[in-house]
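Okay, structure first, notes after.
All ligand and atom numbering here is 1-based and tracks the order in the structure. This chain uses plain numbering: 1 for the first residue, then up along the sequence. As the structure is a prediction and not an experimental result, all values here were calculated from the model.
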Amino acid sequence: MTENTQRNREAEVNLLAAAREAQWSAAAFMGPNAVKVVSPAKVNLLLSIGARRPDGYHDADTVMHALALHDTVYLRVQPASEDEVAQLAEQAAAGRVDIALGGPAGNLAVAIDLADRTGADLSVPAADNLAFKAADALARALGREGAEIVQLRIEKHIPAEGGLGGGSSNAAAVLVGLASQWGVSPDDARVVATAQALSADVAFFLQGGCAQLGGAGEVLQRILEPSRKAVVLVKPAGGVSTAAAYRAFDEAPAPVSAALLQAAAAAASADGVPLANNLAFAAESLLPELAGVRAWLADQVGAENVLLCGSGSATFAVAESFAEASRIATAALSRGWWARPTSFSGLRAAVVPGR
Ligand SMILES: C[C@@](CO)(OP(=O)(O)O)[C@H](O)COP(=O)(O)OP(=O)(O)OC[C@H]1O[C@@H](n2ccc(N)nc2=O)[C@H](O)[C@@H]1O
Ligand SMILES: Nc1ncnc2c1ncn2[C@@H]1O[C@H](COP(=O)(O)OP(=O)(O)O)[C@@H](O)[C@H]1O
C-alpha cells in the first residue's frame, strides 16, 4: 500500500467515525422531530410488601417520592421507508449494529446511545433496555404500523440497581417523549395503561412528585404534598436485583406494623410519612455491606432519617440542609462509595419545553 492510499484509508475511517459521532451529537436532537425529556430518580418513603400473589408478584403499599437527581433522555423520531427498516433489521440480525426492532409489525427501529455518567459504565443491549420496551409497548398500544426510526440518547446520572428506579424512569420518559411526538397526551389512558403494564415504577414516574400506590405498586391511590428537604444518597459498588430481593423476602416475610401503615395513610404531605421498608432485611441478606452503609449514615451529624431505597442497593438519609447533604456525600465518596447530595422534588417524566 502506498503512503497516499494509507492516508486516504485513514481519512475515510476518521470520516466514518465523525459521521457516527455526529449522529449522536446534541445538534442531532434539535428541531421539530426531537425532544429532551427529564427522567427523575425516586425513593420509597414507605415500602410495605405483602403476600406473594398467584402471578408471582407481591401486593405492595408504597409512598414514592421523586428526587431532583435525574437522567436526561433525548429522543428523535424519523419517518422511514419499509426498506430502510428492513435493512436495519438485517444489519442488527448480523450483529453489525445494536438496533432493536419493535412495534406491531416490527416496523419500529430503535437505536440507543447509553452514556453512563455514574462511573459504572453500564452497558445494556438495545433490546434489553427498558427504554426500548417502553417504545415497543406504546407503538403497539397506539397501533402505529408505519416504518419509523427512533433514536434515543440516555445520559445516566442515576446508578443502576440502586433502587432509585433509573431504568423505569427512562421507560416513562420514552413514553412521554414518544406520546408528544405522536400527538398523544401523556395522560392519555393508553399511555397510562402501557406504563402500568410495564411496571410499578414506570407507572409512578408518569405521576411523579409524591404519591401513594397500591396493587403490586402500579395503582395510583393518592397524591401527597411533596417535601422540600435535602437528601443524601449513598451506594456501595454492588447492586441488588429487584427480583432477587423479592425472592429473599419470601424466605422471611415480615409485615410493616399496622400502626405505621395507618400513620402513612393519614399523612397529607411527604414530610408526615413515617419511613419504613420491609424489603430492606432481604436486600441486606443479599449484600451485607448495606448494613454497614446504614450504620455509617445513621452516625452522621445532620442525617435525620436513614432508609434503604426500594430494593437497594442505594440508601438515603434526609438531611438538615443541602450543605449537610453535600458534606455527608463527600465523606461517603472518600470511603469509596457512590454518593450524591440531592433533594426531594415534584418532578415527573416530562418533556422539557421550549427547545
Ligand atoms: C422494589 C421496587 C420499589 O419501588 O422498585 P426498585 O426499588 O427495585 O426500583 C418495586 O416494587 C419494583 O418495581 P419494578 O422495578 O418496577 O419491578 P418490576 O420490573 O415490575 O419487577 C421486577 C421483579 O420484581 C418482582 N416483583 C416486583 C413488584 C412486585 N410488586 N412484586 C414482585 O414480586 C418480580 O419478581 C418481578 O419480576
Ligand atoms: N435504561 C436503563 N437504565 C438502567 N438500567 C437498565 C435500563 N434498561 C435496562 N436496564 C437494566 O435494569 C437493571 C435495573 O435497573 P434500574 O431500574 O436502574 O434499577 P432499580 O430497579 O434498582 O432502580 C439494570 O441492571 C440494567 O441491566
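Of the protein's heavy atoms, Tyr57 OH, 3.8 Å lies nearest to atom 21 (O) of ligand 1. In this structure, atom 9 (O) of ligand 1 lies nearest to the protein heavy atom Asp201 OD2, 2.8 Å. His58 N, 2.9 Å is the protein heavy atom nearest to atom 31 (N) of ligand 1. The protein heavy-atom contact nearest to atom 12 (C) of ligand 1 is Thr242 CG2, 3.7 Å. The protein atom (non-hydrogen) at minimum distance from atom 18 (P) of ligand 1 is Ser199 CB, 3.9 Å.
Ligand 1 has at least one atom lying under 4.0 Å from a heavy atom of Lys42. Under a 4.0 angstrom heavy-atom cut-off, Lys156 registers as being in contact with ligand 2.
In the candidate list Lys133, Glu161, Lys235, Glu161 is nearest to atom 25 (O) of ligand 2, counting heavy atoms.
For the pair Gly167 and ligand 2, the shortest N or O to N or O distance falls below 3.5 Å.
Close contacts between ligand 1 and Ala200 involve ligand atoms 16 (O) [criterion: under 4.0 Å to a heavy atom]. Of all the atoms in ligand 1, the ones that sit under 4.0 Å from a non-hydrogen atom of Gly310 are 7 (O). Atoms of ligand 1 lying under 4.0 Å from any heavy atom of Asn44, numbered from 1 in the order shown and given with element: 3 (C), 4 (O).
For the pairing with Leu47, the side chain to side chain contact (heavy atoms under 4.5 Å, CB included) check across Leu307, Leu308, Asn277 returns one residue only, Asn277.
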